[in-house]
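Read the structure below first, then the notes.
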Amino acid sequence: MNIKLSICIPTYNRAGFIGDMLESVISQANENVEIVIVDGASTDNTAEVVKKYQKRFNNLLYYRGDKKMGVDRDMAKTIELA
């Protein structure tokens with residue numbers, strides 16, 4: 001795998017929006033792009049939505065935190081995982 005671009009996405013309770021965003025990104029991505037999502041312990045069905053897209057796009061990494069840490073820490077974690 002030769003990743004040239006990492007798209008880092010922190011999220012929290014965005015199940016209603018993340019599918020449209022992933023649809024757009026995946027439609028423009030190729031094997032040199034990875035998507036890294038860090039979920040700050042969402043209480044909605046964000047995980048289920050993301051998992052549907054993981055089946056379609058192999059370079060999608062989803063990490064769900066144990067507790068809400070805030071957007072800054074979630075962003076830092078996406079970069080760490082990228």
Side-chain angles (χ1 to χ4, degrees):
M1 186 167 29
N2 188 19
I3 299 299
K4 297 187 185 243
L5 175 65
S6 297
I7 299 173
C8 298
I9 304 165
T11 191
Y12 178 74
N13 285 345
R14 294 290 181 247
F17 303 99
I18 201 161
D20 289 340
M21 187 272 312
L22 288 171
E23 194 69 46
S24 177
V25 172
I26 290 170
S27 73
Q28 300 173 65
N30 61 35
E31 66 277 353
N32 297 320
V33 175
E34 72 176 348
I35 303 168
V36 181
I37 299 173
V38 170
D39 181 348
S42 291
T43 58
D44 64 2
N45 67 328
T46 296
E48 291 81 18
V49 174
V50 172
K51 286 177 186 180
K52 290 178 188 175
Y53 287 91
Q54 280 182 306
K55 293 176 185 174
R56 289 181 40 203
F57 189 72
N58 292 331
N59 291 344
L60 195 162
L61 172 66
Y62 175 72
Y63 174 88
R64 185 180 188 281
D66 295 333
K67 61 183 179 177
K68 187 175 177 184
M69 299 294 289
V71 69
D72 292 335
R73 286 186 183 167
D74 288 351
M75 180 55 87
K77 184 69 175 179
T78 63
I79 294 166
E80 176 188 324
L81 294 170

Shortest non-hydrogen contact from [X] toward [Y]:
{"X": "I3", "Y": "E31", "value": "CD1-O, 3.9 Å"}
{"X": "T46", "Y": "A15", "value": "OG1-N, 3.3 Å"}
{"X": "R14", "Y": "D44", "value": "N-OD2, 3.3 Å"}
{"X": "T78", "Y": "I37", "value": "CG2-C, 4.5 Å"}
{"X": "V38", "Y": "L81", "value": "CG2-CD1, 4.0 Å"}

Heavy-atom distance under 4.5 Å between the side chains of V33 and I7, does that happen here? yes

Evaluate the side-chain proximity of I35 to V25: yes if any heavy-atom separation is below 4.5 Å, no if none is.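 Yes. Closest side-chain heavy atoms under 4.5 Å.
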
With side chain to side chain contact (heavy atoms under 4.5 Å, CB included) as the criterion, how do E34 and L5 come out once you've worked through the C-alpha distance, each side chain's angles and the decisive distance to 0.1 Å? CA-CA 6 Å; E34 72 176 348; L5 175 65; over 6 Å; no

Let me have the donor-acceptor pairs involving side chains of residues 48-55, under 3.5 Å, with sequence neighbours excluded, atom names and distances please.
from	atom 1	to	atom 2	distance (Å)
Y53	OH	G19	O	3.2
Y53	OH	E23	OE1	3.2
Q54	NE2	L60	O	3.2

Can I get a per-line list of side-chain donor-acceptor pairs under 3.5 Å for residues 61-76, giving both atom names and the distance, sequence neighbours left out?
from	atom 1	to	atom 2	distance (Å)
Y62	OH	D39	OD2	2.5
R64	NH2	S42	O	2.6

Do T43 and N13 have side-chain atoms, one donor and one acceptor, less than 3.5 Å apart? yes

